[in-house]
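The structure under discussion appears below in the form of structure tokens.
Chain letters run A, B, ... following the sequence lines, proteins first, then strands; residues in each count from 1. What you see is a predicted model, and the numbers here were worked out from it, not measured in a lab. What you see below is based on every heavy atom in this structure, not just the backbone, and it leaves out hydrogens, waters and symmetry mates.
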Amino acid sequence: MILPNLTLADFLPLIPAIILVVGACILLLSEVFLGANASRSYQAVLTVVSSVAAGAVAVANMFEPAHEVFLGFGVLDPFSSFLTFVVCVGLGLAALSSVSFLRKRGAERGEFYALMLFAAAGMSLLALSNELITLFVNLEVLSIATYALTSYLRRGTRPSEAGFKYFILGAFSSAVLLYGAALLYGATGSTKLTDMVGPLSGALATQPALVYVGLILLGSGFAFKVAAVPFHMWTPDVYEGAPTPVTALMSAGVKAAAFAALVRVFLTLGKGIDPHLPLVLFSTLAFLTMVVGNLLAIPQRNVKRMLAYSSIAHAGYLLVGVAALFVTAPGEQFRLLGPSELTGGSPVELARSQALRGILFYLLAYTFSAVGAFTLVSVLERREDEEKGTAWDLERFSGLAQRRPGWAVAMATFMLSLGGIPPTIGFMSKLLIFQSAVDSGLIGLAIVGVLASAAGAYYYLRVVVYMFMRPVPEGALTLERSWSTELALVLATAAVLVFGILPGPITGWLQQASSIFGQ
Amino acid sequence: MSFFDTHLLNLVVFLPLVFAALVLMLPAGEAGQIRAVTFIAMVVDLVFGVWAYMRFEPGGAEFQLEYRVHWFKEFGLSYHLGVDGLAASLLLLTVFLGPLVVLASTTYISHRIKEFHLALLVLQTTMLGALVSLDVLLFYIFFEAMLIPMYLLVGVWGAEDRQMAAVKFFLYTLVGSLLMLVALIAVYFISSPAGARSFDYSSMYNGLLDANRQLSACTAGPPGACDSLTGLAATLHTYGPWLFGAFALAFAIKVPMWPVHTWLPDAHVQAPVAGSMILAGVMLKMGTFGFWRYAIPFFPVAAQQARPFLATLAVIGIVYGALMCLAQRDIKKLIAYSSVSHLGYCMLGMLAVTAEGATGSAYQMLNHGISTGALFLLFGYLYERRHTRLMADFGGIAKVMPVFTVAFVIITFSSVAVPGTNGFIGEFLVLLGTFKSDLGAAAGNPHLTMVFGAFATLGVILGAAYMLWMVQKVFFGGLTHRENQHLTDMNLREMLTVLPFIILVGVMGLMPQPFLDRIEPSTSRFIARARVGTPGATVETEQVRVEVMGLPAQPTAAAPSVPAPLAARAVPSPRP
């Protein structure tokens, strides 16, 4: 047996995940010594501190040059570091919003935060996996933690149903993904992405069916995780049934990590095959996801469910950016904008780096807006109404502007940001995505996206209508304030507005982060 | 240029926002203080706005009082402000309406006073920002952001069907402007090569200019001459009409032109008096301003081809609006439809592409802001007293409210363009410009010019008919309703809000020259730029190019403004 010769530098990309796991272990161990009535407020603080520390390390890693680690099983590149940063942002905000949520339900336990940290560690590792088995294992680490979190409030029927549904369908999709990976291994004789590229073109000539089926199965597995139509069926039920802070983490973190793995796998393997396949695959998915997600969100009166459909729609916009990555000659296939001599230089590479930048910025923007929105949903809900299904009704938002103007303004900001209205970060991120789509010649997709987001404005505005234009209902519940939730709201609102007006600092980083290993 | 000059526009635009922060800190119960602070903000803004208008030299550069800094460098975005003659005039109109809107709402708005004034102040900033932006994306951001406070104004403080009207207004405008965003991004990509791309007005316009000229030259040639075009001109030949269509749709919805005007009657009827005044006074002008500044200069060839079509829509709007007015029983709806008719004149004058027509169009934009703004204001006072909008509920009001009647009649005269009022000058110039134009030739038959002119003139006659008919039914005759016998006449505050409008009606009607002086340089440039699209027209070349100030020198010149290709950066690079 040959032991690999690992150096300390190999562990550099793992540090954020290590910090998160250490935090989780401390939480689990300390929980053992606590009595039933002991104060557990340190747990959220520890979670936030771990996520801040991990995020800071990730930002520092962003300036390292891209290289392989662990004999090519993982990579350290700015792309994965930025995604770790996004995950940490989502985790920190979700942890802040969990404090009063759990306290209201008497469910404060160390396991909750520990599971969140484990999930985040899985997400961070998924972003840097460069080998199919590593990728699968990390995907399972994050999935199993989120399955458990989904049914954390196990006394209700909804969390149990959601957890069970998520588990069964999640396991099925993991199996699909694994099957695809196995077929590709059969075709190429390797599981390391970088080693697969060479044999792939040879295998394509001899056994095209094997390669295509493998790639499509792999794509379907990822499409399930990012909740792309037609693999979205689980999303509304699971998002609705899960504890709201967990929904927030799922909508932001799981999506970001799954997109990272998807982009890395297909961008690397795409070099060995005809780029038309991923282009057609992702354009179709993007089209369906944007249209269906937005249309299904329109009739929802349940805000949490509406946000679940909206998260599907946002996966669609992100898929537009992914599709733009695979356009090899701008304007050629689509003949919708000028030939490439107009854009000059090396248009394909430039367009690709812009698309990558758009995707990353979009993920960050969506994290701020969606986690903020879910935080507000969580403060308005009440345990007793969950069974009746009225806990998240639009009626809950009636007259919020008179009762808690600050909350109403924050929620309005998140809604406008999700709807892509300036001057919010949501507008800037849509701008970057559609800009890269237009640049790649995917004008049709950009127009569909723009019209779909106009339809989206309708249901986001409805929340604003209820908050600002409806009277306070009779017998409205008292709204309790808590410092941690308000801190999360203030941070998210400030980020949405500041980066919406001055995106400079973030895009400066993205200048770095849009370089992905091996491209 | 002194420090003050370079920052004057910043001050005008963001002063309301600064005061909004101040209002935010006041307790919600202090209605008097909130109103006072907002009023002071608007008055101070008026002073600076008038100052900016005075500083604008008609003979000087196209864009004056410019201010430009880097904003979002790698994206080619700069924060760039500046005004030309038309923008300065509309800016004056906006700051003029500001304090009057606050005064007009003191008794009309009785709940959620703090939020109302915050929305007014934010709205003021976004409208002023859209007028003075010289970066197209910055304009777009203000243009969209404007919707949010207006949506709240209609939806929170409006009449009974306010929520429907607010959502309809928002979505209608949003669909148009989102399509424009795609077209805008496409222009961004095609107008300059990679690395030099920018959203700045000058670089977008100048980047398209040569291609527009080539395209225009070949459309004059034999059929098929344009098929041999290359590069940008070929792109514009194929996609120019679509891009122009996206821009035109967005602005046509805002104007609003027939048949995309249907949001306007709802929004106007439901909006509170402040909302109606601002909507009619300033926001509709964003549509005509957009055609003037962006849609037509960017795509003169496509605009030239679409001119007869758009002019037909404008004429239909004029006549249709007037006919709808004749059929209304609701006074506010009547004023709203009269806006559709009046804005039709603005569009027709602009599309005539003659000096008289364009000048009249610009003047008519100001007139409409004043006369329709005043009509909504006056009707607001009547509504506060009677809480009904139906003509049939009034009659003989002149007996109990003589001062009010005098004011209303004067404004009506302005609206129907009686000589001696401002309306006369605008409409006369528009009609003159239409009759002198080549609209008929562009449509295929030179005699059609007369048809456009004749229908537009018909609109003037109909306009007099519906306004005077309404005045007669509301103010004259016997007092048929008992409720109307005890109506009180205008109080001092109300008179003070109406007086500035009446003064302006007279001043702009009798001494138009100072106002026209500032519009004139914009007009000649607009004509020159629109003429680029007319085959065989002589174009004054020095008028066409857009000259603006450059970006300030970059202290960190080391940072490349273009992202290096991916392959170049994936290899190990030194730590920054």
Side-chain angles (χ1 to χ4, degrees), chain A residues 63-67 77 336-339 341-347 349-350 352-354 356-357 401-402 405 412 416 420-423 427-428 431-432 434-435 438-439 443 446-447 450-451 453-454 457-458 461-462 464-465 468-470 502-504 507-508 511-512 514-519, chain B residues 28 70-75 112 114-115 137 140-145 147-148 151-152 155-156 158 162-163 166-167 170-171 174-175 178-179 181-182 185-186 188-190 193-195 230-232 234-236 238-239 246 559-560 562-576:
Chain A
F63 300 99
E64 293 289 326
H67 61 87
D77 57 3
L336 266 169
L337 263 192
E341 77 248 24
L342 286 178
T343 44
S346 51
E349 272 150 3
L350 194 64
R352 190 170 280 180
S353 106
Q354 277 172 346
L356 219 44
R357 186 174 69 177
Q402 275 130 299
L416 293 173
I421 315 276
F427 168 73
M428 275 296 167
L431 182 71
L432 287 172
F434 291 140
Q435 180 228 21
V438 171
D439 193 22
I443 292 213
I447 290 176
V450 149
L451 290 178
S453 56
Y458 172 75
L461 279 185
R462 197 164 45 188
V464 182
V465 167
F468 285 87
M469 304 177 194
R470 291 281 169 105
L502 296 169
T507 48
Q511 202 80 314
Q512 292 278 332
S514 56
S515 72
I516 182 166
F517 177 77
Q519 292 301 310
Chain B
H70 282 288
W71 176 24
F72 188 175
K73 216 173 4 179
E74 61 266 41
F75 206 42
R112 302 169 77 179
K114 185 172 164 181
E115 290 91 338
L137 199 76
Y140 182 83
I141 288 175
F142 279 122
F143 188 76
E144 286 277 87
L147 296 181
I148 302 167
Y151 160 76
L152 291 175
V156 179
R162 54 184 180 271
Q163 285 163 22
V167 172
F170 198 101
L171 290 183
L174 187 68
V175 171
L178 280 173
L179 285 177
L181 180 63
V182 175
I185 296 174
Y188 166 77
F189 279 112
I190 60 175
T230 53
L232 183 52
T235 314
L236 274 184
T238 323
Y239 303 110
V562 202
L566 285 167
R569 275 181 298 133
V571 293
S573 56
R575 248 182 117 113

Need one label for [X]: side chain, backbone, both or neither, based on atoms under 4.5 Å from any heavy atom in chain A.
{"X": "B:Leu179", "value": "both"}
{"X": "B:Tyr151", "value": "both"}
{"X": "B:Phe143", "value": "neither"}
{"X": "B:Ile148", "value": "side chain"}
{"X": "B:Leu137", "value": "side chain"}
{"X": "B:Ile141", "value": "both"}
{"X": "B:Val167", "value": "side chain"}

What are the two closest non-hydrogen atoms of [X] and [Y], and how far apart are they?
{"X": "B:Ile185", "Y": "A:Gln435", "answer": "CG2-CA, 3.7 Å"}
{"X": "B:Glu144", "Y": "A:Pro422", "answer": "CB-CG, 3.2 Å"}
{"X": "A:Ala401", "Y": "B:Arg112", "answer": "CB-NH2, 3.4 Å"}
{"X": "B:Gly155", "Y": "B:Gln163", "answer": "O-CG, 4.4 Å"}

Problem set entry | Side-chain heavy-atom pair A:Leu432, A:Arg357 within 4.5 angstrom cut-off | yes

For this session: Would you indicate whether the side-chain heavy atoms of A:Glu64 and A:Asp77 approach each other to under 4.5 Å?
Result: no

Exercise. Considering only heavy atoms, which portion of A:Leu431 lies under 4.5 Å from any heavy atom of chain B: side chain, backbone, both, or neither?
Worked result: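 Both backbone and side chain.
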
Exercise. Given a strict heavy-atom distance threshold of 4.5 Å, which part of A:Leu451 is in contact with chain B: side chain, backbone, both, or neither?
Worked result: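 A:Leu451 touches chain B through side-chain heavy atoms alone.
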
Exercise. So which of B:Leu236, B:Val156, B:Leu147, B:Leu152 has the largest heavy-atom pair count under 4.5 angstrom toward chain A?
Worked result: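 The option with the most such pairs is B:Val156.
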
Problem set entry | Largest heavy-atom contact set with chain B, pairs under 4.5 Å, which of A:Ser453, A:Ala446, A:Ala457, A:Pro503 | A:Pro503

Seminar exercise, completed: Ranked by heavy-atom pairs below 4.5 Å to chain B, first place among A:Pro405, A:Ala454, A:Gly420 goes to A:Ala454

Problem set entry | Plane angle bin for A:Phe427 and B:Tyr140 - parallel if under 30°, tilted between 30 and 60°, otherwise perpendicular | parallel

For this session: Look up atom CD1 in A:Ile447 and atom CG in B:Leu178, then write down how far apart they are to the nearest 0.5 Å.
Result: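 A:Ile447 CD1 to B:Leu178 CG: 11.5 Å, rounded to 0.5 Å.
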
